[in-house]
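Since this is a predicted model, take the numbers as computed values, not measurements. In what follows, chains carry the letters A, B, and so on, assigned in the order in which the sequence lines appear, proteins first and then strands, with residues in each chain numbered from 1. Below, all heavy atoms of this structure are taken into account, side chains as well, without hydrogens, waters or symmetry copies.
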Protein chains: 2
Amino acid sequence: MSSSPILSTIAVLGGTGKEGKGLAFRWAKAGYRVLIGSRNPEKAKAAAMEILDLLGGKVFVEGATNTRAAELAEIVVLTVPYSAHRETIESVRETLQGKILVDVTVPLAPPKVTRVQMPPAGSAAQEAYALLGPNVQVTSAFQNISYDLLMHPEPIECDVLVTGTSKEARLKTLKLVLAAGLIGWDAGPLENSAVVEGLTSVLIYINRESGSRNAGIKITGILAGSEHHIAL
Amino acid sequence: MSSSPILSTIAVLGGTGKEGKGLAFRWAKAGYRVLIGSRNPEKAKAAAMEILDLLGGKVFVEGATNTRAAELAEIVVLTVPYSAHRETIESVRETLQGKILVDVTVPLAPPKVTRVQMPPAGSAAQEAYALLGPNVQVTSAFQNISYDLLMHPEPIECDVLVTGTSKEARLKTLKLVLAAGLIGWDAGPLENSAVVEGLTSVLIYINRESGSRNAGIKITGILAGSEHHIAL
């Protein structure tokens, strides 16, 4: 019927890790142009090749340095471990101005990963916003997804709570959630990211107690027909 | 076959409010001795009568002052609005020594109830623990339940995340969750209460956005047979 809309270019910084590679895989599959970023561009290219192979080559995915990937994308997704959070943000601060950063980071403090511990800014996402300044819209999402599941075709039984500095940025992020095959909810202002990030520690605790690996959460109690969250 | 075990006496401080009355109703129905506490003992007695009427009189529920109710109970549940949190705790501090306090309080800061805002202690429950000292075990629970639903017989589609200062106290609290007809999960140390309390603001936000009233959460992804949380 009508031609496909031109989809945005998404950079996935730290995209050689499990989380980033899984999200890159799903977005490439959905037709987005995906740039995998890493400090080591060779690793980024290897991760891109892996995804190309898995998807039979009919998608757009390339590897680059974090900086180059951020330069070429409209939406930048940050999937580095918390220990590299500040450094990575500072390395792309200039090129992010005017764009949207989707922060996937959970500020886990090993070895106590089952205990909620937020940084002084309130959450990793608020820390990112403080570092980037008001010309970057920051959202947070995907922190509760068990990343083992992203490279598999089975449905993932975990909703994605999206917080962010503006409704517009949250809606754009919810579109990416949907493209990844997940159910997303607008969970309000960026301050609410503390809850979503902290929920990861609670889910790790529940996994350990129950001998499971894939504890997640679902939002319940919303009347059918009122799920505006997926009507983008 | 075997005779019923003797169930504990539960005091519900602030039990004339929707939350407290709903929980008192469910525990009385389950066979617990329930004491409804209030600053105003006449109001407490009226709430107890209302529950007795609803349940046909065949249960134990009485009204008293908060202090008297706390004195007579083994487990004390706090369901006052956040504005009365500190004052109520201070009024029962002595009598709570050696007991368990289950804090249901959400530190909402009206009018911004959809924005997560935690007190300096980290959460209302941690604030309670700081006020009470190490001889009181503090747990937190029930913050995400839509209290409109507690007085109705329909199943409630929202799990209860229980945090607390010891495993023992969390297990005792999980027993009360089960007795109230709800599914509970041990969600770890009291520090994790910030997530559960804050989740209430996220659920209020989702309710407002979707025109619903009963948004809740369910834990997913746990293998069947590993739900030790209900094997109490």
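In terms of heavy-atom pairs under 4.5 angstrom with chain A, the leader among G198(B), A187(B), C158(B), A194(B) is A187(B). The choice from N207(B), L190(B), N214(B), T163(B) that makes the most heavy-atom pairs within less than 4.5 Å of chain A is N214(B). Of the listed residues L161(B), D159(B), V196(B), V202(B), the one with more heavy-atom pairs under 4.5 angstrom with chain A than any other is V202(B).
Within a 6.0 Å radius of NZ in K172(A), no more than 12 heavy atoms belonging to other residues, nucleotides or ligands are found.
Contact annotation: the side chain of D186(A) never approaches that of I206(B) to less than 4.5 Å [non-hydrogen atoms, C-beta and beyond].
Here the CD1 atom belonging to I222(A) is positioned 10.5 Å from the CD atom belonging to E209(B), to the nearest 0.5 angstrom.
Among the residues in residues 75-87 of chain A, none has a non-hydrogen atom closer than 4.5 angstrom to a non-hydrogen atom of chain B. The interface of residues 105-121 of chain A with chain B, defined by heavy-atom distances below 4.5 Å, comprises T114(A), R115(A), V116(A).
Looking at L203(B), only its side chain comes within 4.5 Å of chain A, counting heavy atoms on both sides.
Of the possible polar contacts, one joining the T220(B) side chain to the E157(A) backbone as a donor-acceptor pair under 3.5 Å is found.
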